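Everything on this sheet refers to the single structure shown next.
Bear in mind the structure is a predicted one, so any value in this text is a computation, not a measurement.
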Amino acid sequence: MSFHRCSILLEDGDVMAQDVPVSLQEPAQGDDAMWYGTLTITHQVVLQAGQRYHLVLDDGRRGVFLVRRNTFAGDVNRAVAIHGMEPLG
């Protein structure tokens, strides 16, 4: 598992959030499985389950992801489970 900071963009390119912590599980070299991970966002960022968004990592890689689950933990932060829809590139 790797840890990064990222920006989240809408499909039209508008930035929803920046400097968002994300933990990623990426496939092993040569594995066809897609990446997945967890974003930690504030309650002010609205990401909807089933919606596609763009992720831009701090190392410059990009990818499209689908929100699988949005979980409130009783605090101002939420854990959002994401699933990559294409390889990070």
Side-chain contact, heavy-atom cut-off 4.5 Å: [X] with [Y]?
| X | Y | answer |
| --- | --- | --- |
| L10 | Y53 | yes |
| T38 | V22 | no |
| M85 | R52 | yes |
| I8 | V15 | no |
| L55 | L39 | yes |
| M16 | L47 | yes |
| V80 | T40 | no |
| E11 | H54 | yes |

Worksheet item: Are V64 and V67 connected, step by step, through hydrophobic side chains (Ile, Leu, Val, Met, Phe, Trp, Tyr) whose heavy atoms are closer than 4.5 Å?
Response: no
Worksheet item: Looking at CG of D19 and OG of S7, how far apart are the two atoms once the value is rounded to the nearest 0.5 Å?
Response: 8.0 Å
Worksheet item: How long is the span from the SG atom in C6 to the CD1 atom in I82, to the nearest 0.5 Å?
Response: 7.0 Å
Discussion item. When you measure from the side chain of W35 to the backbone of E86, do you find a donor-acceptor pair of N or O atoms at a distance under 3.5 Å?
Written reply: yes
Discussion item. Could you check whether any side-chain N or O of D58 sits under 3.5 Å from a backbone N or O of H4, counting only pairs where one atom can act as donor and the other as acceptor?
Written reply: no
Practice prompt. Give the C-alpha distance, both sets of side-chain angles, the deciding distance and a yes or no for side chain to side chain contact (heavy atoms under 4.5 Å, CB included) between Y36 and M34.
Written response: CA-CA 7 Å; Y36 59 92; M34 284 294 170; over 6 Å; no
Worksheet entry | For R61, salt bridge (charged side-chain N to carboxylate O under 4.0 Å, His left out) partners two or more places apart | E26, D59
Worksheet item: If you take all heavy atoms of R68 and A49, which pair is closest and at what distance?
Response: O-CB, 4.3 Å
Worksheet item: More than 12 non-hydrogen atoms from neighbouring residues, nucleotides or ligands closer than 6.0 Å to CZ on R5, yes or no?
Response: yes
Worksheet item: Are more than 12 heavy atoms from other residues, nucleotides or ligands located less than 6.0 Å from atom CD of Q48?
Response: no
Discussion item. Show, in sequence, the C-alpha distance, side-chain angles and deciding distance for V56 and L9, and conclude whether the side chain to side chain contact (heavy atoms under 4.5 Å, CB included) test is met.
Written reply: CA-CA 8 Å; V56 180; L9 290 69; 3.8 Å; yes
